Amino acid sequence: MTKKLRNITDKGFPPFITLVVIAAIWYAVCEGEIVPAFMLPSPVDVVKAFVENIGYMAKESVYTLQEAVYGLAAGILLAFVLATLMDKFSFVYKAFYPLLVISQTIPTIAIAPLLVLWMGYGMAPRITLVIITTFFPIAIGLLDGYRSVDADSINLLRSMGAGRVQIFRHVKLPTAVPSFFSGLRIASSYAVVGALIAEWLGGNNGLGVYMTRVKKAYSFDKMFAVIVFICVVSLLLMAVVRLIESLSMPYKKQHAPVRHRDTSKIRKDI
């Protein structure tokens, strides 16, 4: 019983207590009128706005999730092709790797208006911005995974007559899978943010469009409510990625580090 309680406390209680403390301080600041209500709405007002508008936000989130998922899928494909080519051909690495790094120094808020100007107000510029935002961490994760392969394993397969495709399939790709999922977890959180930024600058649907509307109406309780909703959507997307990771690598749990038992009681008995 004590062990179960300790596990529950370790996993869930610290963040829960932190959130409760933050909410209590937030409520006290608002009730004490330390900050004006039009600048910082009360958490009670935010909860009311969340409950009242959850249906509309869920409807708008369908468009945002579509853009995020489509862009993330295309980003995965682009990252896989580019990382594989950079690993295989050194001239491709030298030609594209500096450009990849430079592309991440350009603010996405500056690219979004150009994409809207070139592609219109449909879903295409939003998906393109998500691709630009997400493919970099996935590509770098895959490339690092490819290059972390043990050279002795490759030499062993070569000595057994394996070709490049077989070496890639049986050694390089399995080795790169953990690094791929590390990059994918980061990219999944970027995907929703990229879709929102694109929606801020043009479009008729999506959570980003809804945010601009409530901001112009100075409905900051609804603004905070949609921020909470976006956090929930991002966490759910990351949870899906973790589920896919656990299904793809069941051996990861088997080789997880085992906690050492407390031997103090055993020593006393001895």
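Nothing here was measured: the structure is a model prediction, and the numbers come from that model. One-based numbering along the sequence shown. FYI, side chains are in, hydrogens and waters are out, and symmetry mates aren't considered; it's all heavy atoms of this structure.
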- prompt: Donor-acceptor pair, Ser42 side chain versus Val44 backbone, under 3.5 Å?
  reply: yes
- line: Across all chains, not counting sequence neighbours, the ring pair (Phe, Tyr, Trp, His ring centres under 6.0 Å) partners of Trp200 are none
message: Can a donor-acceptor pair be found, under 3.5 Å and without considering hydrogens, that links the side chain of Ser248 to the backbone of Glu245?
response: no
message: How about CZ on Arg169, more than 12 heavy atoms from neighbouring residues, nucleotides or ligands closer than 6.0 Å, or not?
response: no
- prompt: Heavy atoms, side chains only, cut-off 4.5 Å: are Ile76 and Phe180 in contact?
  reply: yes
- prompt: Heavy atoms, side chains only, cut-off 4.5 Å: are Ser246 and Leu243 in contact?
  reply: yes
message: For Leu78, run the side-chain contact (heavy atoms from CB on, under 4.5 Å) check against Ile132, Ile131, Ile138 and tell me which one passes.
response: Ile131
field: Heavy-atom donor-acceptor pair, Ser182 side chain to Pro178 backbone, under 3.5 Å
entry: yes
task: Sequence neighbours left out, what passes side chain to side chain contact (heavy atoms under 4.5 Å, CB included) with Ser179? Give chain and number order.
output: none
task: Return the minimal non-hydrogen interatomic distance between Ser148 and Thr175, and the atom names on each side.
output: OG-CG2, 3.8 Å
message: Can you confirm whether Ile230 sits close enough to Leu196 that some side-chain heavy atom of one is under 4.5 Å from a side-chain heavy atom of the other?
response: yes
query: Does CZ belonging to Phe136 count more than 12 external heavy atoms closer than 6.0 Å?
result: yes
statement: Scanning both residues in full, the closest heavy-atom pair of Val209 with Thr212 reads O-OG1, 2.5 Å
message: Looking at Gly163, is its backbone amide N or carbonyl O close enough to the side chain of Gln166 to form a donor-acceptor pair, meaning the two atoms are under 3.5 Å apart?
response: yes
query: Is there a side-chain contact between Pro113 and Leu117 (heavy atoms, below 4.5 Å)?
result: no
- request: Evaluate ring pair (Phe, Tyr, Trp, His ring centres under 6.0 Å) for Tyr146 paired with Phe168, printing each intermediate quantity in order.
  value: CA-CA 9 Å; Tyr146 290 153; Phe168 176 81; 5.6 Å; yes
- prompt: Taking the six-membered ring for Trp, are Tyr93 and Tyr97 parallel (under 30°), tilted (30 to 60°) or perpendicular (over 60°)?
  reply: parallel
message: Could you check whether any side-chain heavy atom of Trp118 comes within less than 4.5 Å of a side-chain heavy atom of Pro125, counting everything from C-beta outward?
response: no
message: If you define the side chain from C-beta out and look only at heavy atoms, does anything of Arg242 sit under 4.5 Å from Phe181?
response: no
message: Under a 3.5 Å distance rule, please check whether Thr134 uses its side chain to pair with a backbone N or O of Gly75 as donor and acceptor.
response: no
- prompt: Lys222 versus Tyr210: any side-chain heavy-atom pair under 4.5 Å?
  reply: yes
Selection residues 78-96 - residue pairs positive for salt bridge (charged side-chain N to carboxylate O under 4.0 Å, His left out), sequence neighbours left out: Asp87-Lys172
task: Begin from the C-alpha positions of Leu207 and Val226 and carry the test side chain to side chain contact (heavy atoms under 4.5 Å, CB included) through to its verdict.
output: CA-CA 8 Å; Leu207 291 173; Val226 73; 4.1 Å; yes
query: Do you know the tightest heavy-atom contact between Ala83 and Ala139?
result: CB-O, 3.6 Å
Expected output: side-chain Asp45 to main-chain Pro41 donor-acceptor under 3.5 Å: no
query: Would the number of heavy atoms belonging to other residues, nucleotides or ligands and lying under 6.0 Å from CZ of Phe220 be above 12?
result: yes
query: Mind checking whether Met238 and Val240 sit in one hydrophobic cluster, side chains of I, L, V, M, F, W, Y counted as touching below 4.5 Å?
result: no
- request: Report yes or no: does Glu199 contribute a side-chain atom to a donor-acceptor pair with the main-chain N or O of Arg126 at less than 3.5 Å?
  value: no
task: With the side chain counted from C-beta on, respond yes when Ile197 and Thr133 share a heavy-atom pair under 4.5 Å apart, and no when they do not.
output: no
